[in-house]
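What follows is one structure encoded as C-alpha cells, with my remarks underneath.
Residues: numbered from 1 along the sequence shown. The figures here come from the full heavy-atom set of this structure, side chains too, leaving out hydrogens, waters and symmetry mates.
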Amino acid sequence: MNRRRTVLALAAGALMLSACTGTGGTSKGADAKAADDPSKVSGTIKVLTQRTDLVADGTMKKYAAEFNKTYPKVKVEFEALTNYETEVKIRMNTENYGDVLLIPAVIKKDDYPRFFASLGTEAERGKKYLFTDYTTVDGKVYGQSPIGVIPGFLYNKKVWEEAGVTQWPTTPAEFITALKAIKSKTDAVPYYTNFAAQWPLSQWTSVNGSVSCDTRATTELAEGDPWAEGADLRVGDQLLHDIVREKLIEKDPTTTNWEESKPRLAKGELATQWLGTWAIIQFQDAARKAGVNPDDIGFMPFPAQQDGKFCAVVAPDYNQAVNVHSKNKPAARAWIDWFTDKSGYDKDNLAISPLKDAPLPEVLKPYEDTGVKLIEVDDAQGARVKQIDNQSEIGIYAPEYRQNLVDLARGAKKGDLDDFFADLSKRWTETQQTLGS
C-alpha cells in the first residue's frame, strides 16, 4: 500500500491540497456501524483528558450536553489528569484506562492494536481526515486527533515592536539578535523556557521538518543522524542552547510556572515561548482575564527559510482512541466521531480541523499573508523512530535531554556542546545499527 503524503501550501490567500491515498478495504467496523444509529448506542463512558482547564470550567460538560442531543442514551464522564502521560502509562498496565483516552507518546505504534480498538481502515478514513497515518498499523487506524497543530513561537507583539523588531527573523542568528534587542530595550524576559514544567521543552522536537521543509523529516530521523551538522533537531537544539547561553531567559529556570506564564506573556512581562497553535487560545484567554488586548498575542514560524519561504509542519495533537477493553465501544466510538466532526472543538481552539475540506482558522491569516508553506510529514517510519528513541534512551519526546541541554548552556552542568551532540548521535546511530533494517 502506498503511504498517503499530503502537502499543504498557503499562498495568495488559498489553501492548496495534494494527496495520494493508498488502497485497501472499506469496512467501517462493527463499532462504527453501531455508532451510526444513535438510538442503539447507550452506556456510560469515561473520557480521559489532559485538558484540566476545560473540565474545571465546565466546557467539557457543555460538549457532552451537545453530544447527548444526538446520543441521549450515552452518559459521558470526564477525568482530567494533570500529569497525563505519567498517570495513563501506569494505568495501561491494567485494563482500566478509561473508555476514550488520548494515546500516550510512550506507547509504541506497533502496540496500538493491543491497547486500542480499530476505527477503520486508513484507505477509507484517509479520504475524509488528515493525519490518519500517524496511528495506522497494518492498514488500520487506531486513533484520531480532533485538531491539527503547528509548532511555532508565541510572542507578545507589543514587546517585539517596542524592541524595534517588526519582521519575523529568518535565521537563528537573527532570532538571537531580536531577543537581545528585547533584553536591552524592554523590561520583558526575552524567552521563557518553562523548564520546571518539563513538557514544554519536549515541544522543541516539533522543529523537525520545519527547518528543512522536508515531508520526509520523520524518515530522516529513522535513517539518519538527528544531530548531524545542519539536521533539523541539531538546528533547533543549537538555538535553544544559544538562547540560554546568552542569558536571554528567566533568571532561574527551575522556578518557572506554566500557568503563570500565560498572563505574564499576555501582559508583556515575557516576550516569547516555543509552543504551538494549540496554545494561542489559552494565552488569549489569559490576556482577557488580565485586562489586556488578546490581539497582542502573536505567532511566528521557526527562523529558517527554504527558497525564501518559511515552512511549518501541520501535525495532529493528541489522538483520541477507544480502549480495546471498553465494555461500551460503540458509545466510545460515537464520542470520538462526534467530537472530531461536530463538536466545534477545532474552532473553539483556533485550531486546524482534521477534516480535509475545512478552511484554515483566522488566526493563521499572517501565515497566509506571508506565504508560509505548511507541510504534513509522512509518518510511515514513526514507529521505528520511537523504537530507536526508546532503545537509545535519549527521549526526543521527553524533556530530560533538553533539561540537560539547558543546564549545560547555563553552566549548571559541566560539558561541551559538541560533545553533548556527539553523544546523542553515537547513541542514536548505534541503536539504528543494532535494530537493523
- Query: Thr219 and Glu223: side-chain donor and acceptor closer than 3.5 Å?
  - Reply: no
- Query: Which value, rounded to the nearest 0.5 Å, describes the distance between Leu119 atom CG and Gln320 atom CD?
  - Reply: 10.0 Å
- Note on the structure: The residue among Pro361, Ser145, Pro359 that forms side-chain contact (heavy atoms from CB on, under 4.5 Å) with Ile352 is Pro361
- Item | Shortest non-hydrogen contact between Ala231 and Pro226, atoms and distance | CB-O, 3.2 Å
- Item | Non-hydrogen side-chain atoms of Val235 and Pro172 separated by less than 4.5 Å | yes
- Message: Tell me which pairs pass disulfide (SG to SG under 2.5 Å) where either residue lies in residues 223-291, with sequence neighbours left out.
- Response: none
- Query: Around Asp348, counting heavy atoms of other residues, nucleotides and ligands shown, do more than 12 lie under 6.0 Å from its CG?
  - Reply: yes
- Contact check, side chains of Ile176 and Ile243, non-hydrogen atoms, under 4.5 Å: yes
- Answer yes or no: is there a donor N or O on one side and an acceptor on the other, between the side chain of Thr215 and the main chain of Val377, under 3.5 Å? no
- Query: Can we say Lys289 and Asp285 salt-bridge, meaning some charged N sits less than 4.0 Å from an Asp/Glu carboxylate O?
  - Reply: no
- Note on the structure: Tightest non-hydrogen contact, residues Pro151 and Trp274, listed as CB-CZ2, 3.5 Å
- Item | Arg125 NZ/CZ over Phe131 ring centroid, <6.0 Å and within 45° of normal | no
- Query: Hey, mind stepping through Asp242 and Gln238 against side-chain hydrogen bond (donor to acceptor under 3.5 Å, both in side chains) and telling me if it holds?
  - Reply: CA-CA 6 Å; Asp242 292 350; Gln238 179 78 55; 3.1 Å; yes
- Message: When you compare the side chain of Gln144 with that of Thr132, does any pair of heavy atoms fall below 4.5 Å?
- Response: yes
- Query: Hey, does the side chain of Thr272 reach the backbone of Pro190 with a donor-acceptor pair shorter than 3.5 angstrom?
  - Reply: yes
- Message: Is it true that, when you exclude Asn96 itself, more than 12 heavy atoms of the residues, nucleotides or ligands shown sit nearer than 6.0 Å to its CG?
- Response: no
- Query: Between Lys262 and Glu259, is there a salt bridge with N-O shorter than 4.0 Å?
  - Reply: yes
- Message: For Phe175 and Trp160, take the angle between the two ring planes, folded into 0 to 90°, and tell me which bin it lands in: parallel under 30, tilted 30 to 60, perpendicular over 60.
- Response: tilted
- Do Asp379 and Val385 touch side chain to side chain, with heavy atoms closer than 4.5 Å? no
- Between Tyr367 and Trp168, does the ring centre distance come in under 6.0 Å? yes
- Item | Whether over 12 other heavy atoms sit under 6.0 Å from Lys140 NZ | no
- Note on the structure: Interatomic distance, CD@Gln282 vs CG@Leu265, rounded to 0.5 Å, equals 12.5 Å
- Message: Restricting to non-hydrogen atoms, name the atom on Arg51 and the atom on Asn349 that form the minimum distance, rounded to 0.1 Å.
- Response: NH1-OD1, 3.3 Å
- Might you confirm whether atom CD of Glu393 has over 12 heavy atoms from other residues, nucleotides or ligands at distances under 6.0 Å? no
- In Å and rounded to the nearest 0.5 Å, what is the CD to OH distance from Glu79 to Tyr84? 10.0 Å
- Query: If you measure from CZ on Arg402 to CD1 on Ile396, what distance do you get to the nearest 0.5 Å?
  - Reply: 8.0 Å
- Heavy-atom donor-acceptor pair, Glu250 side chain to Thr193 backbone, under 3.5 Å: yes
Let me check something: any side-chain donor-acceptor pairs from residues 291-316 under 3.5 Å, sequence neighbours excluded? List them with distances.
residue : atom : partner : partner atom : Å
Asn293  : OD1  : Asp295  : N            : 2.9
Gln306  : NE2  : Val211  : O            : 3.2

- Does Thr86 use its side chain to pair, donor to acceptor, with the backbone of Asn83 at less than 3.5 Å? no
- Task: Would you check if the side chain of Trp199 reaches a backbone N or O of Pro399 as a donor-acceptor pair within less than 3.5 Å?
- Result: no
- Item | Output field: ring centroids Trp335/Tyr345 closer than 6.0 Å | no
- Task: Would you mind checking if Glu77 and Lys75 are paired as a salt bridge, meaning a charged N to carboxylate O distance below 4.0 Å?
- Result: yes
- Would Glu85 and Tyr318 satisfy side chain to side chain contact (heavy atoms under 4.5 Å, CB included), going step by step from the backbone distance to the final call? CA-CA 11 Å; Glu85 289 277 341; Tyr318 267 122; 2.7 Å; yes
- Message: Restricting to non-hydrogen atoms, name the atom on Ser353 and the atom on Leu130 that form the minimum distance, rounded to 0.1 Å.
- Response: O-CD1, 3.9 Å
- Task: Check the pair Asp237, Arg234 against salt bridge (charged side-chain N to carboxylate O under 4.0 Å, His left out), reporting the backbone distance first and the verdict last.
- Result: CA-CA 5 Å; Asp237 287 346; Arg234 168 77 174 249; over 6 Å; no
- Any donor-acceptor N/O pair, Ser326 side chain to Asn323 backbone, under 3.5 Å: no
- Between Arg216 and Glu220, is the closest basic N to carboxylate O distance under 4.0 Å? yes
- Minimum side-chain heavy-atom gap Tyr155-Lys157 below 4.5 Å: yes
- Query: Are the side chain of Glu174 and the backbone N or O of Thr170 linked by a donor-acceptor pair below 3.5 Å?
  - Reply: yes
- Item | Minimum heavy-atom distance between Tyr134 and Lys109, given as atom pair plus value | O-CE, 3.3 Å
- With Tyr397, the side-chain contact (heavy atoms from CB on, under 4.5 Å) member among Asn390, Asp389, Val106: Asp389
- Message: Taking the six-membered ring for Trp, are Tyr63 and Phe339 closer than 6.0 Å centroid to centroid?
- Response: yes
- Message: Could you tell me if Ser343 and Glu66 have a donor-acceptor pair between their side chains, going purely by distance under 3.5 Å?
- Response: no
- Message: Can a side-chain donor-acceptor contact be found between Glu400 and Asn404 if the only test is distance below 3.5 angstrom?
- Response: no
- Query: In Å, rounded to the nearest 0.5 Å, how long is the span from OG1 of Thr255 to CD of Glu260?
  - Reply: 9.5 Å
- Query: Would you say the side chain of Val100 lies within less than 4.5 Å of the side chain of Ile336, judging by non-hydrogen atoms?
  - Reply: yes
- Query: Does a side-chain heavy-atom distance below 4.5 Å link Glu162 with Lys185?
  - Reply: no
- Message: I want to check something: taking the side chain as every heavy atom from C-beta on, are Phe420 and Trp227 in contact at a cut-off of under 4.5 Å?
- Response: no
- Message: Please check: side-chain N/O of Asn328 versus main-chain N/O of Thr44, any donor-acceptor pairing under 3.5 Å?
- Response: yes
- Item | side-chain hydrogen bond (donor to acceptor under 3.5 Å, both in side chains) between Tyr129 and Asp341, intermediate numbers included | CA-CA 10 Å; Tyr129 299 106; Asp341 295 3; 2.8 Å; yes
- Distance col, row Lys128:NZ vs Thr340:OG1, nearest 0.5 angstrom, shows 9.0 Å
- Passes side-chain hydrogen bond (donor to acceptor under 3.5 Å, both in side chains), Asp232 versus Ser212? Steps please. CA-CA 7 Å; Asp232 286 18; Ser212 58; 3.0 Å; yes
- Message: Donor-acceptor check, side chain of Asn194 to backbone of Ala197, threshold 3.5 angstrom: yes or no?
- Response: no
- Message: Taking Asn257's backbone N and O only, do any of them form a donor-acceptor pair with Tyr192's side chain (distance below 3.5 Å, no angle check)?
- Response: yes
- Minimum heavy-atom separation for Gly126 to Lys356, with atom names? O-NZ, 2.6 Å
